[in-house]
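Presented below is the structure to which this report refers.
One-based numbering, in listed order, for ligands and for the atoms of each. Please read all numbers here as calculations on a predicted model, not as lab measurements.
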Amino acid sequence: MCGIFGYFGSRLAYPLLLNGLRRLEYRGYDSAGLSVLDGGVRTLKAVGKVKNLEALLDTCPLAGSVGIAHTRWATHGVPSTQNAHPHQDCSGKIAVVHNGIIDNYKALRTLLESQGHVFTSDTDTEVVAHLVEEFYEGELEEAVRKAMLELEGTYGLAVVHADEHKIVAARKGSPLVLGIGEGEYFLASDPTAIAEHTRNVIYLDDFNVLTLAEDGYRVTDLTKAPIDPKVEKITWEVEEIERGGFPYFMLKEIYEQPSRILDTCRGRMNPSAGEVYLGGLREVSDRLLKARRIVISSCGTSWHAGLVGEYLIESLAKIPVEVEYSTELVCKEPMLGPEDVFIAVSQSGETADTLAALRLASSRGALTLGIVNVVGSSIARQTDAGAYIHVGPEIGVASTKAFTGHLTAFVLLAVYLGRLRGSLEASQASQILTELAAIPAHIERILERNEDIREIARVYSRSSNFLYLGRGINFPIALEGALKLKEVSYIHAEGIPSAEMKHGPISLVDETMPVLFILSKGDGSTRVLGNMEEIRARKGRIVAIVPEGEERATAYADHLIRVPEVHELLSPFLSVIPLQLLAYHAAEIRGCDVDKPRNLAKAVTVQ
Ligand code: AGP
């Protein structure tokens with residue numbers, strides 16, 4: 001996902017632009033660039049890390065107190081200096097940075113080339129620079145507005161012109177946040193690049209046009225009508241986006257989980273009374289009461305959280321639940337209607353596939369809820385209601401604390417729905433909520449075993465493949481553990497329901513195929529022990545995640561990781577922690593870029 005940062009003020013721009021790009025590195029990128037207004041538009045670009053751009057600036061510092069900058073995650077055109085942003089027009093007076101995809105860029109490029117425009121890159125973005133140039137008649141804001149009318153697809157844009165001391169920005173489908181400082185303004189794709197400067201922000205909406213000028217900021221719509229957007233406050237502290245002594249954000253965020261689960265619960269439950277309070281759902285409670293079915297839609301780790309949510313809601317609220325990959329939901333004609341509840345689960349709130357599924361559900365009249373982490377994100381703003389998980393900014397590309405934050409939100413939602421619809425007694429709700437309140441302490445105990453888990457990761461860090469097996473509510477955890485291992489250590493891993501092994505995958509097992517089992521106290525554990533025996537008989541090496549007190553697994557496992565025993569429905573909170581640590585340590589031991597794995601972005605804002 002690309003990153004945009006802009007500065008308008010009186011300080012030297014380029015150091016601030018570089019710092020803003022460093023704050024956005026976690027989003028994933030392959031090149032970077034910036035433009036400043038310095039007697040004209042001065043542009044520098046570099047392939048690779050922001051430090052390569054910084055090296056250019058060390059030799060060629062730029063004056064100017066207004067500028068725009070960009071980290072590019074390539075969608076159209078290979079990572080190269082020519083394809084890096086900012087992109088300029090023929091006159092060299094206009095520079096544009098863009099996050100999103102211009103769907104009709106080929107047609108626009110053909111038209112613009114027929115009008116004499118000469119292109120220098122393979123990107124979709126460059127058409128914006130030439131389009132603005134085509135419409136420019138002395139007023140940049142107006143030229144950008146006209147260009148927007150021609151663009152199809154998604155964009156977060158920032159544009160400068162050599163003849164105007166301004167930045168003009170616009171969005172459709174890709175986030176842009178304005179930071180309001182003391183006599184200066186900051187523009188960014190997300191608030192992590194703004195928080196150290198100001199806590200006063202405006203989350204732009206689709207089709208907003210923002211102009212930053214000497215006389216302040218102005219927001220208008222496509223008809224030039226003024227808009228008076230709400231100024232909101234960033235609620236978290238800057239140190240939350242620092243590593244705080246940890247070698248990687250991923251490890252920091254794994255260790256944050258106990259406190260973050262408490263943050264998600266804060267003010268939302270009374271365990272002794274068996275009550276849950278979700279203020280964001282109050283206005284839609286009547287529709288929740290009558291809901292026929294729940295459809296959960298998300299991607300990746302958030303999809304795994306949705307699978308756990310299915311077990312929780314069906315067990316506690318007795319409502320039928322379907323969990324869909326957002327990427328797949330948009331490929332079919334979903335039977336969604338006004339009696340259905342559609343839940344979009346997302347850490348970033350910007351995942352294009354989930355946004356597309358959300359819009360489809362909305363068009364069918366379903367009640368749409370968002371379970372999201374990033375405040376003010378697109379999914380949070382486009383759903384009818386919802387609940388933030390409040391786990392703070394998640395910087396590591398591999399999602400960890402947001403996953404357990406989503407699990408927490410699903411426990412609260414399942415209890416809330418169960419109590420609302422009368423399918424859950426207060427005493428049952430009280431038991432679940434009391435056990436939920438104890439989960440952070442249980443996780444702390446698992447984290448104390450980090451070094452033991454690191455040694456197990458070392459044993460398997462040279463493996464090429466891994467099978468992760470889980471049953472029931474822990475099958476989604478097998479999927480999640482496999483995804484974590486894949487995405488940060490590049491070891492191929494596959495999550496499979498434990499009992500499915502005998503239906504094919506067991507053919508993979510020999511002494512070179514390690515197999516990880518997740519056991520919990522349910523009745524499935526006996527059957528899983530049988531699955532372990534089948535693997536053992538074929539010389540497969542076994543790692544087992546087992547509840548304390550489960551001694552039978554000792555006979556089959558090469559390595560045991562014990563976790564505290566809890567209610568079956570809450571066991572995913574604990575079984576996932578060793579899997580997060582195994583993935584982290586395997587990646588670190590293999591010398592991988594743990595926080596920024598190759599090819600990955602923190603939020604995938606393109607479909
Ligand atoms: C998880 O570790 C991955 N980074 C990825 O699967 C992620 O969960 C997925 O892209 C969905 O992102 P979202 O939660 O921001 O919508």
So the atoms of ligand 1 within less than 4.0 Å of a heavy atom of Ala398 turn out to be 2 (O)
Within the 4.0 Å heavy-atom cut-off, what Thr351 brings close to ligand 1 is side chain
Looking only at protein heavy atoms, what sits closest to atom 8 (O) of ligand 1 is Thr301 N, 3.1 Å
Report task. Can you label the angle between the Tyr584 ring and the Tyr248 ring as parallel, tilted or perpendicular, going by 30° and 60°? Result -> perpendicular
Per-atom filter on ligand 1: closer than 4.0 angstrom to a heavy atom of Ser399 are 1 (C), 2 (O)
The atoms of ligand 1 lying under 4.0 Å from a heavy atom of Glu487, numbered in the order shown, are 1 (C), 2 (O), 3 (C), 4 (N)
Problem set entry | Mutual orientation of the aromatic rings belonging to His559 and Tyr460 [parallel < 30°, tilted 30-60°, perpendicular > 60°] | perpendicular
Between Ser297 and the options Thr368, Leu329, Val330, Thr327, the side-chain contact (heavy atoms from CB on, under 4.5 Å) test singles out Leu329
Ligand 1 to Ser302, heavy atom cutoff 4.0 Å, flagged ligand atoms 8 (O), 13 (P), 14 (O)
- Parallel, tilted or perpendicular: which fits the ring planes of Phe246 and Tyr255, with parallel below 30° and perpendicular above 60°? tilted
Distance-only side-chain donor-acceptor flag, Asp353 / Thr351, under 3.5 Å
no
* Asked: Under 4.5 Å between any side-chain heavy atoms of Ile477 and Val308, yes or no?
  -> yes
Gln347 versus ligand 1: do any nitrogen or oxygen atoms come within less than 3.5 Å of each other?
yes
- Query: So is Ala603 close enough to ligand 1, meaning a heavy atom under 4.0 angstrom away?
  - Reply: no
Exercise. Using 4.0 Å as the upper bound for N to carboxylate O, is an ion pair formed by Glu394 and Lys401?
Worked result: no
The protein heavy atom nearest to atom 11 (C) of ligand 1 is Cys299 O, 3.4 Å
Looking only at protein heavy atoms, what sits closest to atom 10 (O) of ligand 1 is Val604 CG2, 4.2 Å
* With a 4.0 Å cut-off on heavy atoms, does Lys484 reach ligand 1? -> yes
protein heavy-atom neighbour closest to atom 4 (N) of ligand 1 works out as Val397 O, 2.8 Å
TODO: Measure the distances from the heavy atoms of Thr354 to every atom of ligand 1 and state whether one is below 4.0 angstrom.
DONE: no
| Is a salt bridge present between Glu232 and Arg199, judged by a nitrogen-to-oxygen distance below 4.0 Å? | no
Salt bridge (charged side-chain N to carboxylate O under 4.0 Å, His left out) test vs Glu242 passes for just one of Arg23, Arg22, Lys252, namely Arg23
Closest to atom 15 (O) of ligand 1 among protein heavy atoms sits Ser348 OG, 2.7 Å
